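I have placed the structure first, in the form of structure tokens, so that the comments after it can refer back to it.
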Amino acid sequence: MRWSQYFIPTLREDPADAEVISHKLLLRAGVVRQLSAGIYSFLPLGQRIALKVMQILREEMNHIGGQEFFLPALHPAEIWKESGRWDAIGPDMFRLTDRKQAEMCLGMTHEEVFTSIARNELRSYKQLPQVWYQIQVKFRDEARPKSGLMRLRTFIMKDAYTFDVDNAGLDRSFADQREAYKRIFDRCGLKYVMVEASSGAMGGAESNEFVARTEAGEDLIATCANCGYAANLEKAISEPTHPNDDGGPEAPENFPTPGVRTIEDLTTFPGGAPGNRQIKTLVYMPGEKGWGNVPTTPILVLLRGDHQLHDTKLMDAFGGAEVRPARPEEIREILGAGPGSLGPVGARTRITTRATRWIKQGDKDVEIWKYPEVHIIADEALKGRRNMTTGANEDDVHKRGVDVERDADIDKFVDLRTVTAGETCARCKTGVLEVYKAMEIGHIFKLGTKYSKSMGATVLNKDGKPVPIVMGSYGIGVERIITAAVEQNNDDNGIVWPRAIAPFDVVVTITNMKQEDLREAGEKLYKELQRAGLDVLLDDRDERAGVKFKDADLIGIPYRITLGKKISDGIVELFDRQTKQNEDVKLSEVVSRVQALALAAL
RNA sequence: CGGGGCGUAGCACAGCCUGGUAGUGCGCUCGGUUUGGGACCGAGAGGUCGGAGGUUCAAAUCCUCUCGCCCCGACCA
């Protein structure tokens with residue numbers, strides 16, 4: 001392309017709306033423009049980048065036997081009702097009605113459509129496995145789109161689905177996808193890790209998330225440099241350290257603690273206890289939807305005083321159910337004390353017998369227990385602990401000498417606490433965990449039979465019996481790859497595209513368009529580079545050299561060939577955007593040099 | 001959905017408090033000088049001040065409503 005004719009609207013200043021570096025640079029480099037919140041247009045440069053990413057996705061999907069489809073983005077409500085997700089998904093789904101008032105939606109993912117094809121067409125285990133994928137636009141009405149292309153309302157996704165006859169087959173398909181994902185992200189030049197993740201409402205047993213480290217990311221990742229352990233903080237565990245529990249009363253005993261409201265207060269209070277010898281008691285309630293027929297079931301969450309609860313772990317402990325912190329007035333109603341003096345000892349009896357409410361039965365009011373049940377759930381770090389101090393469910397009173405398993409009446413121990421940096425790795429027991437921010441770039445799920453069962457997708461197995469197809473689903477966001485690439489590869493002068501996804505391989509900069517010898521040499525070099533199979537941008541604009549250098553750096557083309565004064569000696573300069581090295585090269589050799597460099601990147 | 005901020009020329013912003021001719025820089029057009037890291041001089045073009053209503057002799061400026069965008073939180077198949 002000739003720059004003088006090509007649409008690359010670069011900006012000298014940072015746009016006011018952009019906060020994160022990738023957003024600023026993608027706008028400044030003329031890659032994208034915003035249309036509305038979370039809705040962006042790819043400009044020609046952006047489209048070239050997206051096409052290169054998509055080509056890599058295609059090649060790697062095809063490499064593991066993937067077959068490319070193209071499904072509709074507009075779906076009838078019917079299939080979503082069959083899978084149960086029409087009701088399960090909230091306002092994140094764009095819904096509309098057609099002219100006949102039939103309900104429709106814009107696809108936020110394609111499990112339903114692919115499953116409907118599978119159930120109509122797949123009949124025998126002999127047809128399996130199948131690996132199906134597409135590269136399609138998704139629509140999600142995000143509550144808060146943000147950070148440029150990081151969180152969008154409409155975006156391009158490569159989504160793949162595998163169909164196997166049994167779990168062993170799914171394991172193989174899943175492993176294939178995982179390896180393909182690694183090759184994809186490697187080729188795209190990203191620094192990433194694969195982590196264990198929560199499956200959320202997607203359902204299914206196992207899921208791995210691929211994340212790229214960046215300060216702009218929304219996820220927190222714990223990693224161990226020693227053994228390579230990596231997990232999303234919503235799953236991450238660490239090796240607990242237990243203090244010595246000896247000393248203290250044999251049985252729980254109350255003691256006055258006037259004015260003590262927090263864990264911290266109690267650590268300095270005379271006769272108190274350090275944070276790691278306290279039990280923190282939190283009260284949670286089911287979310288707005290409630291849990292089935294149980295009207296309100298308080299949840300007591302117990303943690304070591306110096307530990308922090310991780311919300312997602314709590315929700316996962318209840319099968320992904322929605323929970324919310326109890327309001328102060330609810331806590332007082334439930335336990336008879338304010339936050340700051342809560343504890344598990346005797347709490348179950350207190351809760352289930354304390355509060356009453358009145359309901360109409362026929363024409364008279366009947367008194368019933370308001371909270372007939374309570375869940376008491378404790379973090380694993382409390383297992384076996386003795387001589388602990390906690391609230392006594394009475395304002396300004398605490399209780400010491402508490403043996404967790406003996407006195408706290410716990411329903412179950414689960415991992416609930418948030419891992420923090422500096423803790424010991426639970427896997428290798430020697431490494432120290434690091435916690436950093438990252439963004440999700442891909443996610444692979446073992447779905448199992450969730451969709452095949454609800455939508456009736458079965459095949460006949462070897463014994464002639466119908467069995468539900470065992471499915472997996474695998475997604476990569478194209479804009480996420482682009483965003484992560486910019487987040488991880490930039491400097492003061494602009495973007496430094498990884499070679500494989502750069503919009504052009506090389507830019508030929510004619511430093512002065514008034515000099516005919518430079519123009520001629522540039523034209524000739526442009527054609528030769530193209531003939532060598534390279535994507536070339538010829539900067540033939542009538543601008544000063546400085547402007548051209550600044551722009552070339554900003555849009556991040558990996559190599560720049562500068563035609564200047566030394567052209568009379570048959571010498572040009574080869575500039576490496578990444579290393580910033582500028583090297584004199586013979587004009588006669590520069591094509592093969594650049595060709596070798598560019599091909600090495602693929 | 002809760003909290004905060006912002007809408008004035010293509011971009012970045014000033015002007016608003018204290019009502020009275022709509023400004024600056026960059027970019028754009030034309031002419032000239034320049035020509036290796038975002039040149040300089042001169043002359044221009046370009047804005048219903050997000051929208052609607054109100055107060056006033058007079059509204060970018062004050063009031064009400066509304067729309068949009070950004071940030072924090074909640075949420076996130």
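Below, chains carry the letters A, B, ... as their sequence lines are ordered, and counting in each starts from 1. Being a predicted model, the structure only gives us computed values, none of them experimental.
- Listed by chain and residue number, nothing satisfies the salt bridge (charged side-chain N to carboxylate O under 4.0 Å, His left out) test with A:R544 (two or more places apart in sequence, or in another chain).
- Listed here is the closest heavy atom pair of A:A326 and A:M285: CB-CG, 3.7 Å.
- Looking at heavy-atom distances under 4.0 Å, A:R28 makes contact with a base.
- Note on A:D584 versus A:K566: salt bridge recorded, some NZ/NE/NH1/NH2 to OD/OE distance being below 4.0 Å.
- Not a single donor-acceptor pair, N or O on each side, falls under 3.5 Å between the base of B:G38 and the side chain of A:E13.
- Using a distance-only test at 3.5 Å, with no hydrogens or angles considered, a donor-acceptor pair links the side chain of A:K548 to the main chain of A:R541.
- For A:R144 against B:C71, a side-chain-to-base donor-acceptor contact under 3.5 Å is absent.
- The pairing partner recorded for B:U21 is none, the criterion being a Watson-Crick or G-U wobble arrangement whose two distances lie under 3.5 angstrom.
- Nucleic acid contact for A:A37: sugar-phosphate only, since backbone atoms but no base atoms lie under 4.0 Å from a heavy atom of the residue.
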For nucleotides 29-36 of chain B, give me one character per nucleotide, 5' to 3': B if any protein heavy atom sits under 4.0 Å from the base, S if the only such contacts are to the sugar-phosphate, - if neither.
-----BBB
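- Within 4.0 Å (heavy atoms only), A:S147 reaches sugar-phosphate atoms of the nucleic acid but no base atom.
- Base pairing of B:C40 is made with B:G32, judged by Watson-Crick or G-U wobble geometry with both donor-acceptor distances under 3.5 Å.
- To the nearest angstrom, C1' of B:C70 lies 16 Å from CD of A:E142.
- Residues A:M315 and A:E19 each lie close to RNA chain B; by heavy-atom proximity, the contact nearer the 5' end of the strand is made by A:E19.
- Within the shown strands, B:A52 is the pairing partner of B:U64 under the Watson-Crick or G-U definition, both distances less than 3.5 Å.
- In the interface, the side chain of A:R12 is not paired with the base of B:G10 through any donor and acceptor atom under 3.5 Å apart.
- Counting only N and O atoms by type, the side chains of A:T262 and A:E264 include no donor and acceptor under 3.5 Å apart.
- Checked against B:C76, B:C69, B:C71, the side chain of A:D92 finds its nearest nucleotide in B:C76.
- Judged by Watson-Crick or G-U wobble contacts below 3.5 Å, the nucleotide B:C1 has B:G73 as its partner.
- Remark: A:R48 qualifies as a cation-pi partner of A:F504 under the 6.0 Å distance and 45° angle criteria applied to the six-membered ring.
- A 3.5 Å limit on both hydrogen-bonding distances identifies no Watson-Crick or G-U partner for B:A45.
- Between A:E19 and A:K24 there is no salt bridge, since none of the side-chain N atoms of the basic residue sits less than 4.0 Å from a carboxylate O of the acidic one.
- The aromatic rings of A:H75 and A:W80 sit parallel to each other, their planes meeting at less than 30°, with 60° as the upper class boundary.
- A salt bridge links A:D491 to A:K580: at least one charged side-chain nitrogen sits closer than 4.0 Å to a carboxylate oxygen.
- At a non-hydrogen distance threshold of 4.0 Å, nothing from residues 475-496 of chain A comes into contact with RNA chain B.
- Partner of A:I561 under the side-chain contact (heavy atoms from CB on, under 4.5 Å) criterion, chosen from A:V585, A:L529, A:V591: A:L529.
- Partner assigned to B:A58 is none, using Watson-Crick or G-U wobble distances below 3.5 angstrom.
- The side chain of A:A143 sits closest to B:C75 out of B:C13, B:C75, B:G37.
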